[in-house]
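Here, residue 1 is the first one in the sequence, and each next residue gets the next number. Both backbone and side-chain heavy atoms feed into the values below; hydrogens, waters and symmetry mates do not.
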Amino acid sequence: MGHKAGRSLVIFLLLMVCVAGWSQTTKNLRYTILPHYRLNYDKNVNEKDVQLLSKELQRAYEYYHTKLSFSPPDKITVYLYSSKERPRGTLLYRVFDDAFYNEGKIIVLASALHDEGRTPRLLADRVVARAYLKSIITCPDWMSETYALAQGYDFARFGSPTRGHLSSFSDLGEDLARADDTEELEAVYAGLAATAKFFIDQYGETKLDLLVKSLRSGHSLEEAFENAFGAKYDEVERAWAEYMSSRLKG
């Protein structure tokens, strides 16, 4: 067998392996098309769980459509898994044991729908909020994550902030982009959750919604802060930095 023929055979065999793997993954999933979502789910997920999640996703979509006055341009892709072993490829599955948004997809673990400490309603509110803000180009990831945590009232999951170097909002963005292990990412989300609590305590949910609407209208983050909070960006940032220092863990 010639060199070219041998190489072609190797490439063919690799393609077959990839196709077989994809077919196996697809074979283990079902899906349902909702008005605003494509919901994919493991075949062994209880049908009642599929119905419950569908109901909460639809409710959350309409809720944000009403209060933010816009909708994402495309259907949102959702995966409902029966096991935490399924959603690989991102550290987020180690940080969030119930649901998260990543790379244009909402990932939900079926067990989270029966967690007495968290309700499916708040779970849906958090991840759908994150999916909504993905479509706003001028909204940085740290702000999208902060808004989503505020909507899910997810302030205490990660404990008190542990990082004392945060002096600007851009520090949050840099830390979020650079975190490359579970411990680092949990520390980043502790800071984001504290930031969400700061915005809610200082300005309230309505003004946080106004910030999102202003960004959606095409304003820069600095302009949106002033439009929503009635204060300059750097003034809000200084107040936030003081707040974060007061919240630092021991």
J.: I need the D201 CG to Y243 OH distance, nearest 0.5 Å.
T.: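 So the CG of D201 and the OH of Y243 are separated by 5.0 Å.
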J.: Using side-chain contact (heavy atoms from CB on, under 4.5 Å), reason through L53 and Y41 one step at a time and then give a plain yes or no.
T.: CA-CA 11 Å; L53 181 60; Y41 57 97; over 6 Å; no
J.: Can you tell me how far NE2 of H219 sits from CD1 of I136, rounded to the nearest 0.5 angstrom?
T.: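 Output value for this atom pair is 13.0 Å.
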J.: Assess the pair Y64 and F70: is the distance between their ring centroids shorter than 6.0 Å?
T.: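 No, they do not, as the ring centres are separated by 6.0 Å or more.
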J.: Decide, yes or no, whether a salt bridge links R157 with D97 under the criterion of side-chain N to carboxylate O below 4.0 Å.
T.: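 So R157 pairs with D97 through a salt bridge.
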J.: If you compare all heavy atoms of Y132 against all heavy atoms of H65, which two are closest, and at what distance to 0.1 Å?
T.: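 Reported closest heavy-atom pair: OH-N, 3.2 Å.
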J.: For A148 and A129, which heavy atoms make the closest approach, and how far apart are they?
T.: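 Scanning both residues completely, I find the closest heavy atoms to be CA-CB, 4.1 Å.
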J.: Quick one, D209 and L68 - any side-chain contact, counting heavy atoms below 4.5 Å?
T.: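 Side-chain contact under 4.5 Å: yes.
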J.: Backbone N or O of L211 within a donor-acceptor pair of the S214 side chain at under 3.5 Å?
T.: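 Absent.
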J.: Could you pull out the closest heavy-atom pair between K75 and L34, with the gap in Å?
T.: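 Minimum heavy-atom separation between K75 and L34: NZ-O, 2.6 Å.
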J.: Quick one: does D141's side chain get under 4.5 Å of R130's, heavy atoms only?
T.: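 Side-chain contact under 4.5 Å: yes.
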J.: Just by distance, do the side chain of N40 and the backbone of V78 share a donor-acceptor pair under 3.5 Å?
T.: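 Side chain of N40 to backbone of V78: a pair is present.
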J.: Is there a side-chain contact (heavy atoms from CB on, under 4.5 Å) between Y37 and V128? Walk through the geometry before answering.
T.: CA-CA 11 Å; Y37 303 90; V128 175; 3.5 Å; yes
J.: Quick one: does any side-chain atom of E223 pair with a main-chain N or O of S220 as donor and acceptor, under 3.5 Å?
T.: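 Yes, E223 side chain to S220 backbone: donor-acceptor pair under 3.5 Å.
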J.: With no hydrogens and no angle check, is any side-chain donor or acceptor of Y189 less than 3.5 Å from a backbone partner on L176?
T.: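 Checked: no pair found.
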J.: Please verify the inter-ring angle class for Y81 with Y79; under 30° counts as parallel, over 60° as perpendicular, anything in between as tilted.
T.: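 Y81 vs Y79 ring planes: parallel.
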J.: Taking atom NZ as the centre, does K67 end up with more than 12 heavy-atom neighbours from other residues, nucleotides or ligands that are less than 6.0 angstrom away?
T.: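 Count over threshold, so yes.
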J.: Tell me if a side-chain donor or acceptor on Y203 pairs with a main-chain N or O of F198 at a distance below 3.5 Å.
T.: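 Not at all, since once roles are kept as given, no pair shorter than 3.5 Å links the two residues.
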J.: Does one hydrophobic cluster hold both L109 and Y31, with members joined at side-chain heavy-atom distances below 4.5 Å?
T.: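 No; Y31 is not reachable from L109 via cluster members.
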J.: Assess whether side-chain contact (heavy atoms from CB on, under 4.5 Å) is satisfied between Y147 and F199, documenting all intermediate values.
T.: CA-CA 9 Å; Y147 182 83; F199 283 131; over 6 Å; no
J.: Say whether, by atom type as modelled, one donor and one acceptor occur between the side chain of E186 and the main chain of F158 under 3.5 angstrom.
T.: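 No, because the side chain of E186 does not come within donor-acceptor range (under 3.5 Å) of the backbone of F158.
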J.: Taking a hydrophobic cluster as the set of Ile, Leu, Val, Met, Phe, Trp and Tyr residues connected by side-chain heavy atoms closer than 4.5 Å, whether directly or through intermediates, do L210 and F229 fall within one such cluster?
T.: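 Hydrophobic grouping puts L210 apart from F229.
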J.: Side chain of Y101, backbone of E145: donor and acceptor closer than 3.5 Å?
T.: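 Judged by distance alone, no pair lies under 3.5 Å.
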J.: Rounded at 0.5 Å granularity, tell me how far CG in D154 sits from CG in D98.
T.: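 Here the interatomic distance stands at 7.0 Å.
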J.: Taking the side chain as every heavy atom from C-beta outward, state whether S170 and W142 have any pair of such atoms under 4.5 Å apart.
T.: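 Heavy-atom side-chain distance check fails, nothing below 4.5 Å.
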J.: Does I137 CD1 have over 12 foreign heavy atoms under 6.0 Å away?
T.: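 For I137, atom CD1 is not crowded (no more than 12 foreign heavy atoms under 6.0 Å).
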J.: Atom OG1 in T119, atom CD in E56: separation rounded to 0.5 Å?
T.: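 With rounding to 0.5 Å, OG1 (T119) is 7.5 Å from CD (E56).
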J.: Nearest 0.5 angstrom please: R30 CZ to E47 CD, how far?
T.: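 Here the rounded value is 7.5 Å.
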J.: Should W240 and I200 be regarded as members of a common hydrophobic cluster, given that ILVMFWY residues are connected when their side-chain heavy atoms come within less than 4.5 Å of each other, either directly or indirectly?
T.: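 Yes, same cluster.
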J.: Looking at D175 and L172, would you say the former's side chain and the latter's main chain have a donor-acceptor pair under 3.5 Å?
T.: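 It does not hold such a pair.
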J.: Identify the heavy atoms of P161 and A194 that sit nearest to each other, and give their distance.
T.: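 Result for this residue pair: CG-CB, 3.6 Å.
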J.: Can you name the closest pair of heavy atoms from L149 and A193 and give their distance?
T.: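 Residues L149 and A193, closest heavy atoms: CD1-N, 3.7 Å.
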J.: Within the 3.5 Å criterion, strictly below it, is a donor on E62 or H36 matched to an acceptor on the partner's side chain?
T.: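 Their side chains do contain a donor-acceptor pair, which is all the 3.5 Å distance test asks for.
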J.: Examine distances only and state if a side-chain atom of D42 and a backbone atom of N44 form a donor-acceptor pair shorter than 3.5 Å.
T.: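 A pair under 3.5 Å: no.
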J.: Working to the nearest 0.5 angstrom, can you tell me the gap between E183 CD and L91 CG?
T.: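 One finds 12.0 Å between CD of E183 and CG of L91.
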J.: Considering residues, nucleotides and ligands other than Y153, do more than 12 of their heavy atoms fall under 6.0 Å from its OH?
T.: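 12 or below, so no.
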J.: Please determine whether side-chain hydrogen bond (donor to acceptor under 3.5 Å, both in side chains) holds for the pair R59 and Y63, giving the CA-CA distance in whole Å, both sets of side-chain angles, and the decisive distance to 0.1 Å.
T.: CA-CA 6 Å; R59 177 203 54 77; Y63 171 66; over 6 Å; no
J.: Do L133 and M143 touch side chain to side chain, with heavy atoms closer than 4.5 Å?
T.: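 No, their side chains stay 4.5 Å or more apart.
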J.: Run the side-chain contact (heavy atoms from CB on, under 4.5 Å) check on K134 and S144 step by step: do they pass?
T.: CA-CA 7 Å; K134 179 65 175 177; S144 296; over 6 Å; no
J.: Tell me the closest heavy-atom pair linking A131 and I106, and the distance in Å.
T.: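 Taking A131 first and I106 second, the nearest heavy atoms are CB-CD1, 4.3 Å.
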